[in-house]
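Each remark here refers to the structure printed beneath this line.
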Amino acid sequence: MASASLLKSSPVLDKSEWVKGQTLRQPSASSVVRCLPTTPSGLTIRASSYADELVKTAKTVASPGRGILAMDESNATCGKRLASIGLENTEANRQAYRTLLVSAPALGQYVSGAILFEETLYQSTIDGKKIVDVLVEQGIVPGIKVDKGLVPLAGSNDESWCQGLDGLASRTAAYYQQGARFAKWRTVVSIPNGPSALAVKEAAWGLARYASIAQDNGLVPIVEPEILLDGEHTIDRTFEVALKVWAEVFFYLAENNVLFEGILLKPSMVTPGAEAKERATPQQVADYTLKLLHRRIPPAVPGIMFLSGGQSELEATLNLNAMNQSTNPWHVSFSYARALQNTCLKTWGGRPENVKAAQDALLLRAKANSLAQLGKYTGEGESEEAKKELFVKGYVY
């Protein structure tokens with residue numbers, strides 16, 4: 001499937017191009033791309049006035065040896081993480097933990113983008129420096145979670161849909177002004193609950209509308225239809241569902257004139273259900289997942305940034321490494337939350353004297369996944385903590 005754009009190759013985004021406070025540009029005559037007519041009347045497709053910048057941003061995030069740190073947990077979910085180490089869910093504690101993450105020395109060697117929650121986008125570190133500025137200084141592109149969460153989907157088999165389209169245009173414009181350059185919208189598909197055709201179509205349509213709106217306001221959209229690990233299904237069943245979901249997603253992305261060169265994907269790896277009796281090896285996960293990508297994802301898409309979805313830190317890294325043992329038409333990398341932060345959080349424990357050790361733990365995981373993106377990870381010297389299962393049944397962000 002071809003993209004709706006006719007763009008030339010663009011260079012990687014320079015840091016100065018995503019600094020906070022840029023004036024929103026208005027569409028110009030050059031923002032209209034005319035395609036060869038497919039009907040007697042012809043076809044006109046409007047491309048975002050940010051088209052060149054979107055391509056540059058996507059290429060920057062999808063740069064060799066780097067991936068995304070997902071730290072966009074809602075305040076409620078962040079509270080659960082803090083509670084696991086005995087801390088109250090206060091803004092001061094959330095600020096302290098987020099400061100620890102973004103200020104880890106040389107994090108930008110391994111991390112190209114960081115997804116933030118709205119509070120974090122406008123937050124400063126404990127030293128009074130804007131978190132967005134700290135990221136930019138590290139060479140990390142700031143991103144923002146823009147969906148408003150999952151709610152029950154009426155008429156379905158106890159499935160969900162993702163809300164947040166209302167007011168999205170004005171919110172994404174404001175986030176761009178604050179320094180964000182990419183966005184994330186997470187919806188989910190449940191295999192044990194079907195998935196119903198209604199739920200798949202709703203997920204795909206919502207992602208496409210969000211992607212179009214985000215691009216129109218200068219943000220590279222991360223497209224994330226997470227196929228949940230919950231269930232006892234086989235890897236073949238996951239593959240079957242993923243084929244259907246991604247076919248629908250790209251159909252509606254094209255219908256909404258989304259620029260494929262200016263998006264990033266955040267898919268689930270193709271694995272058995274978390275409660276399945278038969279487990280899959282990293283090579284099996286890689287084989288099934290790459291087969292899915294080759295059948296459904298156009299090579300115009302610059303980056304595939306996998307979610308960990310409750311895999312252990314070690315498992316997520318091993319699976320990513322297996323997928324990078326051969327050349328791929330896309331940048332195949334990571335967008336991990338728990339699989340980067342779990343050991344870091346427990347090492348910190350809310351104690352100031354543990355900040356350096358916690359940052360070292362974060363950098364260790366980031367470096368491991370950087371090597372996995374390059375296909376050079378060996379798995380040697382991993383801690384027992386890194387091997388612990390992180391799956392939580394019915395997990396919500």
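Reckoned from all heavy atoms, side chains included, excluding hydrogens, waters and symmetry mates.
Heavy-atom minimum distance, A70 versus E73: O-OE2, 3.9 Å. Nearest approach of L229 to P272, heavy atoms of both residues: CD2-O, 3.8 Å. Residues S335 and I115 come closest through the heavy atom pair OG-CD1, 3.7 Å. Between A361 and T347 the shortest heavy-atom distance is CB-OG1, 4.1 Å. The two atoms that bring G128 and S124 nearest to each other are C-CB, 3.9 Å, heavy atoms only. In terms of heavy-atom proximity, Y252 sits nearest to A208 at O-CB, 3.3 Å.
Partners of Y175 under the side chain to side chain donor-acceptor pair (under 3.5 Å) rule, at least two apart in sequence or in another chain, are E118. Considering only residues two or more places apart in sequence or on other chains, V241 meets the side chain to side chain contact (heavy atoms under 4.5 Å, CB included) condition with V189, I191, P195, I227, R237, V245. Remark: Q95 engages T99, Q123, I126 in a side chain to side chain contact (heavy atoms under 4.5 Å, CB included) (not counting sequence neighbours). With sequence neighbours left out, D287 forms a salt bridge (Lys or Arg N to Asp or Glu O under 4.0 Å) with no residue at all. Scanning for salt bridge (Lys or Arg N to Asp or Glu O under 4.0 Å) contacts around K129 gives E137, with sequence neighbours left out. Not counting sequence neighbours, the partners of A169 by the side chain to side chain contact (heavy atoms under 4.5 Å, CB included) test are I213, N217. Looking at residues two or more places apart in sequence or on another chain, you find a side chain to side chain donor-acceptor pair (under 3.5 Å) between R94 and N75, N89, E119. A58 meets the side chain to side chain contact (heavy atoms under 4.5 Å, CB included) test with V220, L264, P302; sequence neighbours excluded. Every residue two or more places apart in sequence or in another chain that forms a salt bridge (Lys or Arg N to Asp or Glu O under 4.0 Å) with K356 is listed here: D360. Judged as a side chain to side chain donor-acceptor pair (under 3.5 Å), and not counting sequence neighbours, the contacts of T120 are R98. Taking N324 as the reference, nothing meets the side chain to side chain donor-acceptor pair (under 3.5 Å) condition, with sequence neighbours excluded.
Note that the OG atom of S308 and the NZ atom of K266 stand 7.5 Å from one another [nearest 0.5 Å]. F239 contributes atom CZ, which lies 8.5 Å from atom CG of D236 (distance to the nearest 0.5 angstrom). Taking CD of Q341 as the start and NZ of K346 as the end, the distance is 13.0 Å to the nearest 0.5 Å. Interatomic distance, NZ of K145 versus CG of L121, reported as 14.0 Å (0.5 Å rounding). Atom CD of Q325 sits about 5.0 Å away from atom CG of N321, to the nearest 0.5 Å. Taken to the nearest 0.5 Å, the CD atom of Q178 stands 11.0 Å off from the CD1 atom of I131.
Within a 6.0 Å radius of CD in Q163, other residues, nucleotides and ligands contribute more than 12 heavy atoms. Within a 6.0 Å sphere centred on NZ of K291, other residues, nucleotides and ligands contribute more than 12 heavy atoms. In E88, the CD atom is not crowded: 12 or fewer heavy atoms of neighbouring residues, nucleotides or ligands sit closer than 6.0 Å.
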Trace of the side chain to side chain contact (heavy atoms under 4.5 Å, CB included) decision for S112 with V61: CA-CA 5 Å; S112 54; V61 176; 3.8 Å; yes
Derivation of the side chain to side chain contact (heavy atoms under 4.5 Å, CB included) call for T317 and R365: CA-CA 9 Å; T317 308; R365 287 259 50 85; 3.1 Å; yes
Verdict with supporting geometry, N319 and F306, side chain to side chain contact (heavy atoms under 4.5 Å, CB included): CA-CA 10 Å; N319 288 340; F306 281 99; over 6 Å; no
Side chain to side chain contact (heavy atoms under 4.5 Å, CB included) between L207 and L253, intermediate numbers included: CA-CA 8 Å; L207 284 166; L253 288 173; 5.6 Å; no
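Under a 4.0 Å N-O distance rule, the pair R181/E53 qualifies as a salt bridge. With salt bridges taken as basic N to acidic carboxylate O contacts below 4.0 Å, none links E240 and K244.
For the pair L107/L69, a side-chain contact is recorded, criterion being any heavy-atom separation below 4.5 Å from C-beta on. Looking only at side-chain heavy atoms (C-beta outward), S212 and V258 come within less than 4.5 Å of each other. Side-chain contact between I222 and R186 is absent, with no heavy atoms from C-beta onward closer than 4.5 Å. Counting heavy atoms from C-beta outward, C344 and L101 have side chains that approach closer than 4.5 Å. The shortest side-chain heavy-atom distance between L168 and Y210 falls under the 4.5 Å cut-off. E278 has its side chain out of reach of T234: every pair of non-hydrogen atoms, C-beta onward, lies at least 4.5 Å apart. Here the side chains of N369 and Y110 are not in contact, with every heavy-atom distance at 4.5 Å or above. No side-chain heavy atom of L135 sits under 4.5 Å from any side-chain heavy atom of Q138.
A donor-acceptor distance shorter than 3.5 angstrom exists from the side chain of T238 to the backbone of T271, with no hydrogens or angles considered. Not a single donor-acceptor pair under 3.5 Å links the side chain of E159 to the backbone N or O of P152. Remark: side-chain polar atoms of Q373 are not paired, donor with acceptor, to backbone N or O of G67 under 3.5 angstrom. Checking side-chain atoms of H331 against main-chain N and O of R66 turns up a donor-acceptor pair under 3.5 Å. The closest donor-acceptor contact from the side chain of N328 to the backbone of M323 lies under 3.5 Å. Using modelled atom types, no side-chain atom of D147 and backbone atom of G164 make a donor-acceptor pair closer than 3.5 Å. In terms of modelled atom types and a separation under 3.5 Å, the side chain of T289 and the main chain of V270 share a donor-acceptor contact. At distances below 3.5 Å, not a single donor-acceptor pair connects side-chain atoms of R295 with backbone N or O atoms of L243. Looking at E275, its side chain never comes within 3.5 Å of a backbone N or O of E232 through a donor-acceptor pair. Panel note: side chain S333, backbone M305; no donor-acceptor pair is recorded below 3.5 Å.
Aromatic ring orientation, H294 versus W330: tilted (interplanar angle from 30° to 60°). Using bins of under 30°, 30° to 60° and over 60° for the plane-to-plane angle, the ring pair Y50/Y176 lands in the tilted bin.
Criterion: ILVMFWY side-chain heavy atoms under 4.5 Å apart, direct or through other members. Under it, Y336 and F117 are not part of a common hydrophobic cluster.
The other residues sharing a hydrophobic cluster with L153 are V151, W161, L198, where clustering joins ILVMFWY side chains under 4.5 Å apart.
When only modelled atom types and interatomic distance are considered, E202 and T187 share no side-chain donor-acceptor pair under 3.5 Å.
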